[in-house]
Every structure is written in structure tokens, then in C-alpha cells.
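Here is the structure we will look at.
Proteins get letters first, then strands, A, B, ... in listed order; numbering begins at 1 in each. Since we're looking at a predicted model, the values are computed, not measured.
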Number of protein chains: 2
Amino acid sequence: MQRRSPKRLLETHTDTEQDPPGTGADVSAPAGLRDQLGEGTIPDIVIRRLPIYARSLQFLEHDGIETVSSGELGARLGVSAAQIRRDLSYFGEFGKQGKGYNVAYLLGQIKGILGLDRDWSMALVGVGHLGRALLHYDGLQEQGFCIQALFDHNPEKVGEKIGDLVVHSMNDLPKVLAKQNIKMAIMAVPAKGAQEATDALVAAGTLAILNYAPIIVRVPTHVKIRHIDPIIALQSMTYYLDSDQVTPRNGSRRNGAKS
Amino acid sequence: MQRRSPKRLLETHTDTEQDPPGTGADVSAPAGLRDQLGEGTIPDIVIRRLPIYARSLQFLEHDGIETVSSGELGARLGVSAAQIRRDLSYFGEFGKQGKGYNVAYLLGQIKGILGLDRDWSMALVGVGHLGRALLHYDGLQEQGFCIQALFDHNPEKVGEKIGDLVVHSMNDLPKVLAKQNIKMAIMAVPAKGAQEATDALVAAGTLAILNYAPIIVRVPTHVKIRHIDPIIALQSMTYYLDSDQVTPRNGSRRNGAKS
DNA sequence: CCGACTCTGTGAATATTGTTACAATGTCGG
DNA sequence: CCGACATTGTAACAATATTCACAGAGTCGG
């Protein structure tokens, strides 16, 4: 079984949308761009869940657990057993009746489907506080995401050496990304420079961007983007909170006409 | 018009699910917990989009733009105009035919709906590198999320003073949260301690958690949670990337029987 | 004040997503 | 090797979410 193909899969991936769920700030795609091939395309929402399954399987594997049923896995993740089975069924048959799934095998299959059976070189745009913090985060590298090129808009930072990498000018984006065959980027720049940086990345051939800037940036259809935005995530929870809670600090509640 | 009530709203909020969209790692809720009151409940997915609209409106307001149509707003966010109008219609009528929406007014309304017309006190659990970085991030405070209590599991850190806050022991969670009336928390702890910390937070009365730990933690139905997980976000994009791309580093592709 | 436009709010139609239910298959202790 | 039990994969169904499309309002230049 090769990567991504078992059943109804035929190597077509369109869509683009913004992201919220994972990062807390997703906007579902206008949907309608996706299904150029009505059948044969896996729903994006299914793709979004696979990494979550993989994560849990990694923990299970680490704990030496060999087998897991859809029910057990679902219980750990807050997902129904049927949904897990259904999601997996898009790609093939990985389980065994009466037994469940072999943890290591299923993990390997999911990684293969997602393209995680290899390392990905990444660019980091913006080497301010956040960018530097990301550089020191081991988790990325451990999961195969290797930051191998740095860029910054600030001329004072260009040329600086961080670890064994040198900060490049944004002007060098096309050249460097091409030479190092980099297709993914993390963007850690201020909101006001984010769209410009995004456009530069896209022009240089970037196909996937993880955006930490607190602004929703637009990308063309062929580019994937996910937004990491703690504030949006927090703001989507407060709705459910008040009622009796804390000091309502009432007072000037806007009112009156709509114009 | 008071907060959250205009039309079909009647102050019922159930559901809980994990999060993916916004933060990049959402798992949609088992859905079925939500609609105890078939009508009168706003879909969570709508609530998740409101902060995004608000964000864009803030930029428009900052730029001195007074009016915006659903079409313009949608174009900025990659959302259809109809969706914006439909989402808003759950809460009332905020626009004006032939003109659009008054930016400041709509922003105020959305903030009111979401409960953003006041400040929220927050607890931060875990004052390692990530926790400290979050403490220095001004954005949270600017948007009304004020970290006002610190906790750490490590006895060596307990008692340490950071800014004008002292790091408390996890044992003091119930006491401190109660005294300061804190209902929201940010969790920045290692994966292995995350579920335990979550349980402690929940036991202490926390109702909303923003989780930075790279693990999906479970919470009871009455607690909201969002996961910030860059790795999950990245892993949900790689699926769309390969095909011709970079060095496939082929070789040992697992194969063979399912068991 | 008119006529050509613009834009909202929403019923109805579609499209997408999730759950139920069960036949088929396999496990497992004895 | 048997019978009781567990679990998958999926068809059919149910629930949700999105888009279409248009009546009703309001704008705006002259």
C-alpha cells in the first residue's frame, strides 16, 4: 500500500481555507473549491483529525501498548468510535475485528498518509522574541519539522547568526527557498507586516504556512495556511462563561440606533 | 439590547468539545450534548467565527473605516458574505440595507455577545520558558485577558516572584482561584503533567482552559478547552504537500499484514 | 423626488458531517 | 473446535452547516 491511495483516493488535493480549529482560529473554507472531483477527495475535516489520532497513538506506543480499539482511542480524544472508524475507512482497512488496531502499524499508516514519514525543511520568517522561542522548541524537530532558514525584515538582524543559521534578508526568500527546496514556513512577525511577508513567501513558492501573527492573512487557493492565535481561542470561550460569573463591570452598554 | 439575547438566544450554553480549528488542533464535539434545547442554542462553529470577525473589525476601526459590507468583510477573511450575514442573524440585525455595517457598532455588539466588554482574570499554570514568554506577551492584556495568578508544580519555583506576581503551589489552586474569582486558565506544562494539571484546574472551578501542552486533555462537559498545538497544525498541512515535492527519502515503506 | 444601485436578512435548497445499526469477521477460554 | 463475546467497516439515516437567491430597505447622484 503506497502513500495515500488505497481506496477512493486519487491524489487530488485542492482546497485552501483559513484555519481555526487546531489553532483555535479556523474559518471553514468557502467550500466549493474542493470537490472538483466530487469523489476521490478526502474531506479536510478528516485530514485535520488524523494528526490528533497520530498523537494519541504515539503516546500509546510509548507506553508499550500494542493494540487499541476505536472505542478506546475515541475515549481518549473525545471523539466517537464510529467517527474514528469512518475517518480511517477513507484510506483503507487498518483494523482487525474482535481485536482493534495495532498501534505501531496504524501510526505508521497515518504518518504515511499525512506525509510524516520524512523530514520537512522549514523557513522561519521573523526572528523576534517569538521566533527565537520557536527555534528553541525541540518538539518541532522531534516531529520532523526542521527550521533550516531564517528571514527577517529588519536590516539590523540580517546577517546575525543564531545557532548555526544566518538570518537572511527577505529579498533572498526566492533564492534560499529554491536552493534548499523549502515548501513550508512559520511566520512570526507583527500583524502589520504579516500580509506582506505572506505574499513574499507565496511568491517564493511556499505551499504551507503556519502563521503566528495575530491577523488572518489571505493566501491563494493552492497554499495551505493555519493560524495560531491564543487570543482568538480565548475569545471563543468567554461566550460560554459569563452569566453569574465575576465582576460584570457593567455600566455603559452601547445601545440605540444601528447607524 | 443586553448581552446575548436578541432573538432566539436564551442563555443556554452546554457543549464542551476539544478544539482544533482556531488553534489548529480541534476535535469537533461528539455533538449531541449540545442541543438539549433544540432551538435557542447557537452553533459552536458560529461562536468560533465571531472572534475572527471582531479581529478584522478592530483593524478596520483602527484604520478609520466606518462602514463595511458583508462582502468586504468576507473577502478579507476568506468567508462568504452569506455566512457572515447568517452568523450575525443568530444574534440580531446589525446592518443597514444598501450600506452595510457600522464598524464600531458591530464590533461593540460582537464584543458584547462574546463577553469581551469586560476584563477576564486568568491563571497561568506552568512558569517554564513558554509560560514566561506568555507573561511577556502584551497582546493578552490588551485584549482584556489578564494573568493574575501563577502556579507551578516544581517546588523550586514556588515562591519565586515574576513581575509583581508570586508563583503559587498547585495545592493552592482552589484557594487562590476562589479568592481572585478566576475562571480561565492558560496551561503551559509538559505533556506528562497536563492531564493532572487540568484535573486540578477543573476541581478548583476553572471553566475555560487554553492548553499549550502537546497532548489532548479531557475535561468534563461544563468546561471549555482549546488546544494550541503548532505540530498538529503543521501535520494537517503536509498531507496536501507532497506528490512531486522535495526529497521523498523513500525506502522502507511499511507493508505487509495488518497484525 | 426618481430611478438605478447596493446590501441586508432569511426561507429554501444543497452540501457536508456525524451517528446508528448491523453483517461480517475475528478473538479467546476451555 | 465451540460458543460467547468483541470489534471493524459501512450502508442508511439524521443532523449540521453552507450557499442560493430574492424580497424588502436604504443609498445616492442629480
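- Between the CG atom of D44(B) and the P atom of dT17(C) there is a distance of 16 Å, given to the nearest Å.
- For the helix from dC1(C)-dG30(D) to dG30(C)-dC1(D), the angle separating the two terminal helix axes comes to 50°, with each axis derived from five pairs and the value rounded to 10°.
- For the pair Y53(B) OH and dT8(C) C1', the interatomic distance rounds to 15 Å; values are reported in whole Å.
- For S69(A), the side-chain contact (heavy atoms from CB on, under 4.5 Å) criterion is met by E72(A), not counting sequence neighbours.
- Comparing dG18(C), dA17(D), dG9(D) against the side chain of I45(A) picks out dG18(C) as the nearest.
- The CD atom of Q109(A) sits 16 Å away from the P atom of dT8(D) (whole-angstrom rounding).
- For Y101(A), taking side-chain heavy atoms from C-beta onward, the closest of the listed nucleotides dT8(D), dT8(C), dT17(C) is dT8(D).
- Within the 4.0 Å cut-off from OP1 or OP2 of dT17(C), not a single side-chain nitrogen or oxygen of Y90(A) is found.
- Listed by chain and number, the residues in a side-chain hydrogen bond (donor to acceptor under 3.5 Å, both in side chains) with R85(A) are S70(A) (sequence neighbours excluded).
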Show me the side-chain donor-acceptor pairs of residues 57-67 of chain B shorter than 3.5 Å, one per line, residues at least two apart or across chains.
residue: Q58(B); atom: OE1; partner: Q143(B); partner atom: NE2; Å: 3.4
residue: Q58(B); atom: NE2; partner: Q143(B); partner atom: OE1; Å: 3.2

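- For the pair L88(B) CG and dT18(D) P, the interatomic distance rounds to 14 Å; values are reported in whole Å.
- Between the side chain of W120(A) and the main chain of G115(A), a donor-acceptor pair closer than 3.5 Å is present.
- Rounded to an integer number of Å, the gap from L73(A) CG to dA6(D) C1' is 17 Å.
- In this entry the distance linking CD1 of I84(B) with P of dT18(D) reads 12 Å, nearest Å.
- A donor atom on one side chain and an acceptor atom on the other are found under 3.5 Å apart for D87(B) and Y53(B).
- Qualifying side-chain hydrogen bond (donor to acceptor under 3.5 Å, both in side chains) partners for E196(B), counting only residues two or more places apart in sequence or in other chains: none.
- In terms of position along DNA chain C, the nucleotide closest to E72(B) lies nearer the 5' end than the nucleotide closest to the other residue of the pair E72(B) and V46(A).
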Sugar-phosphate or base contact per nucleotide [nucleotides 20-30 of chain D; S, B, -; heavy atom under 4.0 Å]:
-B--BBSSS--
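- The minimum heavy-atom distance between I209(B) and M237(A), with the atom names listed, is O-CE, 3.5 Å.
- When distances run from any side-chain atom of Q83(A) to the nucleotides dA17(D), dT19(C), dT18(D), the shortest one goes to dT19(C).
- The side-chain contact (heavy atoms from CB on, under 4.5 Å) check on A194(A) picks up M187(A), V189(A), A213(A), I215(A), V217(A), with sequence neighbours excluded.
- Taking atom CZ of F91(A) as the reference point, atom C1' of dG9(D) lies 15 Å away to the nearest angstrom.
- Within the 4.0 Å cut-off from OP1 or OP2 of dT19(C), at least one side-chain nitrogen or oxygen of S80(A) is found.
- In this entry the distance linking CD of E93(A) with P of dA24(C) reads 14 Å, nearest Å.
- A close approach under 4.0 Å does occur between a side-chain nitrogen or oxygen of S70(A) and OP1 or OP2 of dT8(D).
- Pairing each heavy atom of R76(A) with each of S56(A), the nearest pair is CD-OG, 3.8 Å.
- Applying the side-chain hydrogen bond (donor to acceptor under 3.5 Å, both in side chains) test to T198(B) and every residue at least two apart in sequence or in another chain returns nothing.
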